[in-house]
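Step one of this worksheet: look at the structure below.
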Amino acid sequence: MHKLAPMNWTNELVKIAPRIAEEGRACDAEKRYVGANIALLREHGFLELAVPLELGGGGLSRLELAAMLRTVAHHCSATALVLAMHTHTVAAATWRWHNQKAPVDGLLKRVAAERLQLLSSGGSDWLTGSGTAEKVDGGYKVNGRKIFASGAPSADLFMTGAVEETADGPTALQFGIPVRSTGISIVENWDTLGMRGTASHSVKLDEVFVADAAIAARRPSGLWHPSFHLISMVAFPLIYAVYTGIAEAARDIALTMASRKRSADVVDAVGRMDTELTATRIAHRSMIAFAETSPPGAETTNTIFMHRALVARSAIKTVELAMIAAGGEGYFRSTGLERLFRDIQAARFHPLQDGPQQKLAGRVALGLPIDG
C-alpha cells in the first residue's frame, strides 16, 4: 500500500517566493491586502498543511508548520502572519481530532478539499469574549464588532464568539460561521504602523443568526477554560514563528550592509544583534518543544506565555540592533529593513501582553488560582 507522506512545502515555496516578496513590498507601500499572496498560497496547497494526511491535508507537524511560517516571513511578514492566523486554528482542530477524538473531521476535510481559509477573532475574544448573543428560536441573534481579524477580505469561515447573559452569569459561546453570512460586514479600518498588508480589519456582526447546531463550545466569560489552554499551547508557537522569521530576515539584510563597513562600532552592533537573534531562536525552539510534549493546562499555558515574552523581547531587540548595524543606509525604505522594523512591533500586541503575562507567571509561581 502506498504510504502517505507530508507535503514538501519547501519545493512549493521556492517556486513562488519571489512573487510573494514582490507583492508583499507593493502591498506595504500601497497599504493594501496581501490577497494575491494568500491566493497563491491557497493554489499551492499551503492552507491545508495543518490538516492530517488521513483527512486529505498536508500532514505537517506543528514543528514543521512553525518552520514553514518562519520561512514565509523571510519573504513577506504580513503574508506569513495571515497564514499563521489560519494555520493555528486548523492546527488546534487537528490536535483535538488526534488527542480528544473530537468530531472536527468534517471541518478539516473541508479545509483540505475546498482549501478554505479560516478567520480568527482572537484579538476580540480572549477570556472575556465580546459581542452579544440573544437566544431566539433555533439559535441566537449575534451582534458585535471584532477587531484584528487578519486576512478578513479573503476568508471563508469566521471562527468567533459572543456572550450570552444566562442565569449562571455571562457565558461565552464559540462558533464558526461563513464570512459571507447575512449581517456580517468588514469595516476597513486597518491603517497601521506595520503589518500593513494583513488587512486585520474589524468585522461587524449585525443581527447575525447562528444556529444552535453551530455552537461548538460554551464557557464562563472571563475565566480560563480548557479551550484557551489548548489555543495558548497550539497558536502562539506558530504565531511567534513569524516574528522569529522577521528577526532572521532583518539580520540577513543588516549583515550584508555591515560587511561593507566593518568599523569597531559596526562589529559590536553585529555581535549584539547575533546574540539577540540566538536568544530569539532558542526561546522559540524551546517554546515549540514544550508545546509538543506537554498537555494543555495552566502550567503549560504559563510556560508558553513566558516563552512568548522572551521571543517577542529578543526579536524586537534583534531588529533594533539590525538598524544600528546597518547604519543610515537601513533608514531607506528601499533596503527593506525599515519595513521589518515596523512589522516586528506587532509582536508586542498579541496575548498575553507583558502585564497580564507577568501576573499569570506570578500567580502560578505562588500557587494561586490563575483566575484572579
If you count every heavy atom of other residues, nucleotides or ligands that lies below 6.0 Å from [X] atom [atom1], does the total exceed 12?
X: F305; atom1: CZ; answer: yes
X: R333; atom1: CZ; answer: yes
X: K141; atom1: NZ; answer: yes
X: K109; atom1: NZ; answer: no

Can you list the steps and then say if Q174 with I215 is a side chain to side chain contact (heavy atoms under 4.5 Å, CB included)?
-> CA-CA 6 Å; Q174 295 171 220; I215 304 300; over 6 Å; no
About how many Å separate [atom2] of [Y] and [atom1] of [X], when rounded to the nearest 0.5 Å?
X: L223; Y: D371; atom1: CG; atom2: CG; result: 4.5 Å
X: I231; Y: F228; atom1: CD1; atom2: CZ; result: 4.5 Å
X: L83; Y: S150; atom1: CG; atom2: OG; result: 11.5 Å
X: L238; Y: H284; atom1: CG; atom2: NE2; result: 7.0 Å
X: M233; Y: T303; atom1: CE; atom2: OG1; result: 12.0 Å
X: Q353; Y: K359; atom1: CD; atom2: NZ; result: 14.0 Å

Has [X] got a side-chain atom pairing as donor or acceptor with [Y]'s backbone, closer than 3.5 angstrom?
X: S200; Y: A149; result: no
X: S314; Y: V311; result: no
X: T171; Y: R219; result: no
X: T335; Y: Y331; result: no
X: E276; Y: M273; result: no
X: S181; Y: I184; result: no
X: T87; Y: M85; result: no
X: R115; Y: E43; result: yes
X: N99; Y: W95; result: yes
X: T94; Y: A50; result: yes

Hey, are [Y] and [X] close enough side-chain-wise for a donor-acceptor pair under 3.5 Å?
X: H86; Y: Q117; value: no
X: Q345; Y: R342; value: no
X: S286; Y: H307; value: yes
X: S263; Y: D265; value: no
X: Q357; Y: R308; value: no

Answer with yes or no whether the hydrophobic clustering places [X] together with [Y]; edges join I, L, V, M, F, W, Y residues whose side-chain heavy atoms lie under 4.5 Å apart.
X: L107; Y: V234; result: no
X: I239; Y: M68; result: yes
X: I246; Y: L13; result: yes
X: V90; Y: W9; result: no
X: L337; Y: V242; result: yes

Kindly indicate, with the supporting measurements, whether the criterion salt bridge (charged side-chain N to carboxylate O under 4.0 Å, His left out) is fulfilled by K135 and D212.
-> CA-CA 9 Å; K135 192 72 182 78; D212 287 327; 3.2 Å; yes
For [X] versus [Y], what's the shortest heavy-atom pair and its separation?
X: A250; Y: A322; result: O-CB, 3.8 Å
X: P351; Y: F236; result: O-CE2, 2.9 Å
X: P369; Y: R363; result: O-NE, 2.6 Å
X: G58; Y: L53; result: O-CD2, 3.6 Å
X: A325; Y: V266; result: O-CG1, 4.1 Å
X: D343; Y: Y243; result: O-CE2, 3.9 Å

What I'd like to find out is whether the side chain of [X] reaches to under 4.5 Å of the side chain of [Y], using heavy atoms alone.
X: F209; Y: T182; value: no
X: Y33; Y: I38; value: yes
X: I304; Y: P237; value: yes
X: R25; Y: R339; value: yes
X: M306; Y: M287; value: no

Single hit among R196, M195, H201 for side-chain contact (heavy atoms from CB on, under 4.5 Å) with T198 =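 The option that passes is M195.
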Check L173, V210, I177, V163 against V142 for a side-chain contact (heavy atoms from CB on, under 4.5 Å) and give me the one that passes.
->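 Exactly one pass, corresponding to V210.
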Who pairs with E54 by side-chain contact (heavy atoms from CB on, under 4.5 Å), at least two apart in sequence or on another chain?
->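 Residues passing side-chain contact (heavy atoms from CB on, under 4.5 Å) with E54: P52, W97, H98.
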Start with the C-alpha gap between L321 and K317, add the side-chain angles, then the distance that decides, and say whether side chain to side chain contact (heavy atoms under 4.5 Å, CB included) holds.
-> CA-CA 6 Å; L321 288 166; K317 189 64 177 177; 4.0 Å; yes
Under the side chain to side chain donor-acceptor pair (under 3.5 Å) criterion, do T10 and N8 qualify, and how do the steps go?
-> CA-CA 6 Å; T10 54; N8 189 333; 2.5 Å; yes
Pair E248 + R70, salt bridge at N-O below 4.0 Å |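 Yes, this pair counts.
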Taking only Lys NZ, Arg NE, NH1 and NH2, and the carboxylate oxygens of Asp or Glu, determine whether E23 and R32 approach each other closer than 4.0 Å.
->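 Salt bridge: yes.
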List in chain and number order the residues that pass side chain to side chain donor-acceptor pair (under 3.5 Å) with D125, two or more places apart in sequence or in another chain; answer none if no residue qualifies.
->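 With sequence neighbours excluded, D125 shows a side chain to side chain donor-acceptor pair (under 3.5 Å) to S121, S130, K146, T160, given in chain and number order.
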Go through the steps for R281 and L277 under the test side chain to side chain contact (heavy atoms under 4.5 Å, CB included), then give the verdict.
-> CA-CA 6 Å; R281 285 168 165 164; L277 179 58; 3.8 Å; yes
Run the salt bridge (charged side-chain N to carboxylate O under 4.0 Å, His left out) check on K15 and E12 step by step: do they pass?
-> CA-CA 5 Å; K15 299 174 188 175; E12 294 300 312; 3.0 Å; yes
Please lay out, stage by stage, how R42 and D156 fare under the test salt bridge (charged side-chain N to carboxylate O under 4.0 Å, His left out).
-> CA-CA 12 Å; R42 189 193 301 255; D156 300 294; 3.1 Å; yes
Give the C-alpha distance, both sets of side-chain angles, the deciding distance and a yes or no for side chain to side chain contact (heavy atoms under 4.5 Å, CB included) between L116 and L47.
-> CA-CA 7 Å; L116 298 180; L47 297 190; over 6 Å; no
